[in-house]
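In what follows, a single structure is set out as structure tokens and then discussed.
For clarity, every value in this text was computed on a predicted model and none was experimentally measured.
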Protein chains: 2
Amino acid sequence: MSQINIKKLAAALGLSTSTVSRAFRNNSDINPLTKERILRMADELGYSPNLYASNLRESKSKTIAIIIPEFDNNFFSQAIKGIEQQARRNGYHTLIYVTEDDVKQEATFIRSLCNGRVEGVVMSASGEGLKHVHLNMLKERGIPLVFFDRCYEDVEATCVTGNDYESSYEATLHLIMNGCKRIAYLVVNKNVSIGKIRMQGYLDALKSAGLPCEDELIIECTNDKEEIYKSIKRSFEKMKPDGAFASVERLAMTTLRYCADVKLEIPSDFKLVCFSCLEIADMLNPPLSTIKQPAFEMGKRAAEILFEALCNKESVTEKQVILLPSTIIPRKSTAVVNNTKAIGL
Amino acid sequence: MSQINIKKLAAALGLSTSTVSRAFRNNSDINPLTKERILRMADELGYSPNLYASNLRESKSKTIAIIIPEFDNNFFSQAIKGIEQQARRNGYHTLIYVTEDDVKQEATFIRSLCNGRVEGVVMSASGEGLKHVHLNMLKERGIPLVFFDRCYEDVEATCVTGNDYESSYEATLHLIMNGCKRIAYLVVNKNVSIGKIRMQGYLDALKSAGLPCEDELIIECTNDKEEIYKSIKRSFEKMKPDGAFASVERLAMTTLRYCADVKLEIPSDFKLVCFSCLEIADMLNPPLSTIKQPAFEMGKRAAEILFEALCNKESVTEKQVILLPSTIIPRKSTAVVNNTKAIGL
DNA sequence: TTGTATGCGTTATCAT
DNA sequence: ATGATAACGCATACAA
């Protein structure tokens with residue numbers, strides 16, 4: 001099936017390719033009638049300009065990429081939604097890549113984007129490797145990069161993230177105020193930017209309340225569900241925490257399961273708060289206290305910044321850090337109870 | 001900054017462009033040492049082949065598109081994950097488009113894909129308009145299409161979906177067996193393929209149990225949260241159902257909220273079951289009985305089929321319908337209770 | 001194994 | 001307002 005191209009269309013109309021080309025571009029001078037005639041015929045023959053020829057000619061792709069570490073998370077769905085919506089508004093296409101928390105994958109993806117495939121990248125970092133050379137390739141190619149949520153500190157790029165330190169501090173303090181004295185911190189990887197910052201908030205809150213921070217109350221989990229459960233079980237049995245602050249929703253869910261299994265009553269025996277974008281946190285049993293990040297906003301904002309950079313290529317691309325405030329929503333899982341048992345009568 | 005291209009690289013090496021080109025393609029004959037020399041120099045000068053020139057030359061893009069109606073849904077996150085993973089394995093890139101349930105958007109997206117941007121499309125349909133001409137464009141261009149979950153019946157394309165009719169029938173029967181006599185059916189749009197099929201299962205189950213089906217127990221909702229709540233309230237106040245089958249998770253969540261608001265006890269006064277991929281359905285209050293679709297599998301399978309078609313271009317592209325079975329997971333929200341109130345003592 | 005020459009489909013420049 | 005032509009960067013058929 002011989003593809004239709006501009007030459008054939010021109011021939012069929014008895015016109016030149018330049019005229020036909022003009023019909024598909026808005027600005028050029030062309031007789032409205034001719035244009036109409038061309039478009040009609042194009043429609044009939046099923047012609048539309050070949051994308052790759054145009055892109056080659058104009059050296060632009062009208063495409064951006066989103067790179068995220070995972071997908072199992074409400075946060076990322078919502079953020080992507082914000083990015084995609086913004087891209088659509090700007091007439092851009094959106095490529096999506098999931099690294100599954102693998103920095104090597106991330107590097108591979110980035111490399112595959114540098115040959116003109118995209119004009120910009122919005123990304124949430126996948127790890128905390130030390131050399132982020134792969135990201136420099138983008139800069140060399142003049143491809144702007146905007147981080148959201150998880151950033152690499154050593155990379156010069158604007159980052160749209162949450163006020164994680166403050167939120168973590170507050171959430172921990174919230175647990176303390178409501179009576180917790182032995183608070184566990186649940187984290188996937190305490191060396192990754194986000195795990196680290198959130199931990200700092202936790203540590204500082206403990207300190208400011210004069211509570212000791214015990215290493216074994218910092219529970220580092222993997223991404224594997226079984227493993228998470230085991231880590232929690234091990235640490236809880238030994239350390240007997242009376243509360244926990246989970247840096248990631250998934251860890252809180254496993255904690256809830258563990259508590260149910262060992263009949264640890266929430267909130268009387270144990271309190272729990274976590275970062276989460278779950279819309280139905282209030283319908284859980286018990287209703288879960290959450291730190292809610294503005295995920296959609298974050299994605300949208302990151303994309304907006306990217307498109308600004310794309311418009312004024314000349315604009316100063318200084319590294320900016322934009323913090324969008326999270327909201328702490330206290331629910332039953334951290335409520336104060338008249339805990340007669342604990343008081344002793 | 002004058003971009004580096006194959007000519008400059010060749011010049012820098014004192015070689016011809018063809019030799020350089022060969023170094024980046026695996027099959028061609030080339031002296032390994034030359035190749036190595038070229039690659040090293042390329043790395044140094046930051047050269048990689050221009051994507052659009054290559055694509056134009058080879059007329060292939062190594063890209064597929066995913067088109068989905070919405071993003072707020074666990075089902076789609078998981079399905080996309082399956083598709084993206086499969087694409088990655090096949091060395092393809094993945095464009096994503098969200099229609100927000102707008103068939104016009106869908107058509108616009110499709111059109112923008114027909115100029116060579118993608119080699120294939122995986123999509124979940126956004127509506128039930130009658131003319132799906134926009135999809136014929138794909139066929140004309142020889143771009144294979146695979147539906148997942150929601151299909152257009154009039155379009156000749158393979159569809160990977162759930163055994164929705166059977167699941168709906170069973171779920172409704174489950175409610176009946178557990179004592180419900182006035183069962184509501186909650187649906188976003190009863191004319192869309194999936195809403196229609198699921199309704200048929202519901203209706204047939206009622207019929208086979210000898211229960212009447214009352215029109216006003218079929219509650220058609222929009223996508224707007226407020227509206228959903230109002231529709232449910234209106235119908236529930238008038239029709240006093242003692243159970244409901246929700247074709248979409250979101251509707252069930254609103255139902256739960258409504259029940260809480262009006263102190264309708266679940267499962268004693270009212271039972272609820274719904275389609276949902278929520279992993280934490282068992283942690284809701286009450287634990288929610290669900291029909292769980294294999295979302296990840298569905299996406300994966302749809303992508304696999306697409307890539308098969310992409311490999312053997314010649315393969316018979318007959319319309320196939322592949323049904324992946326869902327699992328009904330009964331939980332407390334549909335449990336039988338010793339309902340002394342109801343029995344009258 | 002390497003080089004030469006041509007064309008992929010489009011758009012911009014220049015001429016008419 | 002329209003047409004002729006060159007160039008975008010690459011990959012292949014063919015020649016050496």
Side-chain angles (χ1 to χ4, degrees), chain A residues 1-39 41-42 45-63 112-119 141-142, chain B residues 1-39 41-42 45-63 112-119 141-142:
Chain A
M1 141 184 73
S2 66
Q3 274 295 347
I4 176 98
N5 60 22
I6 199 173
K7 227 181 270 180
K8 288 184 200 164
L9 178 56
L13 285 157
L15 291 170
S16 76
T17 60
S18 346
T19 310
V20 174
S21 178
R22 277 189 269 260
F24 286 89
R25 227 139 313 300
N26 294 326
N27 48 350
S28 302
D29 330 87
I30 185 173
N31 186 322
L33 276 71
T34 318
K35 178 170 177 177
E36 201 186 331
R37 199 160 65 91
I38 293 173
L39 292 181
M41 182 65 99
L45 300 187
Y47 168 82
S48 62
N50 178 292
L51 177 76
Y52 291 99
S54 298
N55 282 168
L56 172 58
R57 196 47 230 256
E58 304 184 39
S59 61
K60 64 183 181 199
S61 62
K62 283 278 182 184
T63 305
S112 80
L113 297 176
C114 285
N115 46 24
R117 193 178 287 275
V118 300
E119 295 178 33
R141 295 298 197 299
Chain B
M1 141 181 75
S2 67
Q3 274 295 346
I4 175 102
N5 60 23
I6 198 172
K7 225 182 274 180
K8 288 183 200 164
L9 179 54
L13 285 156
L15 290 171
S16 77
T17 61
S18 25
T19 309
V20 174
S21 177
R22 278 190 268 262
F24 286 89
R25 228 137 311 299
N26 293 327
N27 48 350
S28 301
D29 328 272
I30 185 173
N31 186 322
L33 275 71
T34 318
K35 178 170 178 177
E36 201 188 331
R37 200 160 67 90
I38 294 173
L39 292 181
M41 181 64 99
L45 299 187
Y47 168 82
S48 61
N50 179 293
L51 177 76
Y52 291 100
S54 300
N55 283 167
L56 173 58
R57 188 52 229 257
E58 304 186 47
S59 61
K60 64 182 184 205
S61 61
K62 283 277 181 185
T63 305
S112 79
L113 297 176
C114 286
N115 45 24
R117 193 178 286 275
V118 300
E119 294 177 34
R141 294 298 197 298

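In the region residues 30-39 of chain A, proximity to DNA chain D at under 4.0 angstrom, judged on heavy atoms, holds for A:I30, A:N31, A:T34.
Qualifying side chain to side chain contact (heavy atoms under 4.5 Å, CB included) partners for A:S16, counting only residues two or more places apart in sequence or in other chains: A:S18, A:T19. Every side chain to side chain donor-acceptor pair (under 3.5 Å) that B:T63 has, sequence neighbours left out, goes to A:R117. Applying the side chain to side chain donor-acceptor pair (under 3.5 Å) test to A:S48 and every residue at least two apart in sequence or in another chain returns nothing. Considering only residues two or more places apart in sequence or on other chains, B:S112 meets the side chain to side chain donor-acceptor pair (under 3.5 Å) condition with none of them. With sequence neighbours excluded, no residue satisfies salt bridge (Lys or Arg N to Asp or Glu O under 4.0 Å) with B:K7.
Put simply, B:S21 has a side-chain N or O that comes within less than 4.0 Å of OP1 or OP2 on D:dA11. Using a 4.0 Å cut-off, some side-chain N or O of B:T19 falls inside it from OP1 or OP2 of C:dG3.
Between atom CE of residue A:M41 and atom CD1 of residue A:I4 there is a gap of 9.0 Å, rounded to the nearest 0.5 Å.
Taking atom CG of residue A:N115 and atom P of nucleotide D:dA11, one finds them 11 Å apart after rounding to whole Å. Separating the CD atom of A:E58 from the C1' atom of C:dG9 is a distance of 12 Å, rounded to the nearest angstrom. Rounded to an integer number of Å, the gap from A:L9 CG to C:dT10 C1' is 13 Å. If you take CG of A:L51 and C1' of C:dC8, they are 14 Å apart, rounded to a whole angstrom. Remark: C1' of D:dA13 and CG of B:D29 are 13 Å apart, rounded to the nearest angstrom. In this structure, the CZ atom of A:R25 is 15 Å from the C1' atom of C:dT13, given to the nearest Å.
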Side chains of residues 30-37 of chain B: which donor-acceptor partners sit under 3.5 Å, not counting sequence neighbours?
unit_1 : atom_1 : unit_2 : atom_2 : d
B:N31  : OD1    : B:L33  : N      : 2.8

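For the pair A:N50 and A:N5, the minimum side-chain heavy-atom distance is 4.5 Å or more.
A donor-acceptor pair under 3.5 Å is absent between the side-chain atoms of B:R141 and the main chain of B:L113, judged by distance alone.
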>> Set out, in order, the CA-CA distance, both residues' side-chain angles and the distance that settles side-chain contact (heavy atoms from CB on, under 4.5 Å) for A:N115 and B:Y52, then state yes or no.
In response: CA-CA 8 Å; A:N115 46 24; B:Y52 291 100; over 6 Å; no
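Between B:S21 and the choices B:I38, B:L9, B:I6, the side-chain contact (heavy atoms from CB on, under 4.5 Å) rule is met once, by B:I6.
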Extract from the structure each pairing of a protein N or O with an N or O of nucleotides 6-9 of chain D at less than 3.5 Å, listing the distance.
unit_1 : atom_1 : unit_2 : atom_2 : d
D:dA7  : N3     : A:R57  : NH1    : 3.4

Polar atoms only, N or O, under 3.5 Å: list the protein pairs with nucleotides 14-16 of chain C and their distances.
none

